[in-house]
Amino acid sequence: MNTNRKTARILEDVQIILSALWAAIMFLFQQGDVQRLYSGDFIPGGEDITGGLMSMEILWLISAITMTIPVVMVFLSLTLKYKVNRRANIILAIFFFVYSLNGLRMYPSAYDKFLLIVSLVFNALTVWYAWKWSKQEGQPQGGNL
C-alpha cells in the first residue's frame, strides 16, 4: 500500500472514531434529558436553579449552546484539518469531562449517574485518541489527501 494512502486511511480512521465518540456523547446527554422529563425528575418551568443570578432564558440559551457543541463536533471531527481538529477534540472533550464530573454531584438519580459515567469514559477516549493521533498520521508527506 502506498504510504500516502496508508496515512490517509489512518487519518480517516481517527476522524471517524472521534466523530463516533461525539455522536455517542450527544446521544447520552439527550437520553439523560429525555429520561429526566419522563421520570418527573425535571419539571419544565420549575424552580430557578441559578438563585436569581441570571434569567432562565439565558440559562436555556447556555444549555442549548452546550448541547449543540457535541452535534457540531460530529461534523467538525470529519472536516477540520489535523492540527485544529486534534486541539478542538482535546480541549472540548476535557471541557465536557469536567462538565460531566460536575453533573455527577448535581443529579441524584442512578440513571443520570450511569449516563454521566459512560460519557466520562467517552470523553476520556476522545482525549486519548486525539492525543495519540500523531502529526505523521495526520499529514502525509508529498501531497494532499
Side-chain angles (χ1 to χ4, degrees), residues 1 4-140 144-145:
M1 182 184 269
N4 283 344
R5 285 181 134 172
K6 184 177 180 183
T7 303
R9 180 64 187 163
I10 292 169
L11 174 65
E12 289 171 2
D13 289 347
V14 173
Q15 287 175 292
I16 290 167
I17 290 167
L18 291 171
S19 182
L21 286 165
W22 283 110
I25 291 165
M26 173 194 64
F27 285 125
L28 286 168
F29 287 155
Q30 294 303 319
Q31 182 179 352
D33 290 344
V34 169
Q35 282 189 248
R36 248 176 266 112
L37 284 171
Y38 280 101
S39 70
D41 289 346
F42 175 80
I43 300 167
E47 68 181 75
D48 179 4
I49 61 171
T50 68
L53 294 175
M54 68 176 76
S55 72
M56 289 305 289
E57 183 178 344
I58 297 295
L59 183 65
W60 287 117
L61 176 61
I62 292 168
S63 175
I65 292 167
T66 304
M67 292 300 102
T68 302
I69 292 170
V71 175
V72 173
M73 285 306 294
V74 169
F75 172 73
L76 292 180
S77 293
L78 295 170
T79 59
L80 288 175
K81 298 219 182 262
Y82 163 76
K83 195 173 191 178
V84 174
N85 199 339
R86 187 170 180 258
R87 286 183 183 168
N89 274 282
I90 291 169
I91 291 166
L92 290 171
I94 290 171
F95 167 79
F96 278 101
F97 189 90
V98 172
Y99 182 85
S100 294
L101 276 177
N102 188 47
L104 280 175
R105 70 176 181 82
M106 290 179 59
Y107 295 111
S109 64
Y111 68 84
D112 263 321
K113 291 193 184 307
F114 172 76
L115 293 171
L116 287 166
I117 289 168
V118 174
S119 76
L120 288 169
V121 171
F122 285 150
N123 279 299
L125 284 170
T126 303
V127 172
W128 184 76
Y129 273 104
W131 190 275
K132 191 177 164 212
W133 189 14
S134 74
K135 188 172 184 175
Q136 290 174 337
E137 291 172 352
Q139 296 179 342
N144 296 329
L145 298 176

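Just so we're clear, the structure is a prediction, and the values are computed from it rather than from any experiment. In what follows, every heavy atom counts, from backbone to side chain, and hydrogens, waters and symmetry copies are set aside.
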Working to the nearest 0.5 angstrom, can you tell me the gap between L92 CG and R87 CZ?
13.5 Å

Approximate separation, where rounding is to 0.5 Å, of Y99 OH and M106 CE:
8.0 Å

According to salt bridge (Lys or Arg N to Asp or Glu O under 4.0 Å), does anything in residues 108-129 pair up with another residue at least two apart or in another chain? List the pairs.
R36-D112

Can the ring centres of Y111 and F114 be said to be less than 6.0 Å apart?
no

Nearest 0.5 Å, what's the OG1-CG distance between T79 and N85?
7.5 Å

Given the rule in the side chain to side chain contact (heavy atoms under 4.5 Å, CB included) test, do I90 and I94 qualify, once you have shown the distances and angles that lead to the verdict?
CA-CA 6 Å; I90 291 169; I94 290 171; 3.8 Å; yes

By the salt bridge (Lys or Arg N to Asp or Glu O under 4.0 Å) test, which pairs, at least two apart or in different chains, include something from residues 67-81?
none

Under 3.5 Å, side chain of S63 to main-chain N/O of L59, donor-acceptor pair present?
no

Pairwise salt bridge (Lys or Arg N to Asp or Glu O under 4.0 Å) hits with a residue in residues 58-70, at least two apart:
none

Taking only residues two or more places apart in sequence, or in another chain, which ones meet Q31 in a side-chain hydrogen bond (donor to acceptor under 3.5 Å, both in side chains)?
Q35

Stepwise side chain to side chain contact (heavy atoms under 4.5 Å, CB included) check, I69 with F96
CA-CA 10 Å; I69 292 170; F96 278 101; 3.5 Å; yes

At what distance, to the nearest 0.5 angstrom, does CD1 of I91 lie from CZ of R86?
11.0 Å

Please check if atom CZ in F95 has more than 12 non-hydrogen atoms from other residues, nucleotides or ligands closer than 6.0 Å.
yes

Taking distance alone, no hydrogens or angles, what donor-acceptor pairs closer than 3.5 Å link side-chain atoms of residues 16-29 to residues at least two apart or in another chain?
| residue | atom | partner | partner atom | Å |
| --- | --- | --- | --- | --- |
| S19 | OG | V74 | O | 2.7 |
| W22 | NE1 | N89 | OD1 | 2.6 |

As a quick check of understanding, evaluate side chain to side chain contact (heavy atoms under 4.5 Å, CB included) for W133 and Y82, giving each step before the final call.
CA-CA 9 Å; W133 189 14; Y82 163 76; 3.7 Å; yes

To the closest 0.5 Å, what do you measure between CG (L76) and CD (Q15)?
11.0 Å

Can you name the nearest heavy-atom pair linking V84 to L80, along with the distance?
CG1-CD1, 4.0 Å

Does any part of the side chain of F97, heavy atoms only, come nearer than 4.5 Å to the side chain of V127, both counted from C-beta?
no

Listing request: all side-chain hydrogen bond (donor to acceptor under 3.5 Å, both in side chains) pairs with a residue in residues 118-127, at least two apart in sequence or in separate chains.
S100-S119

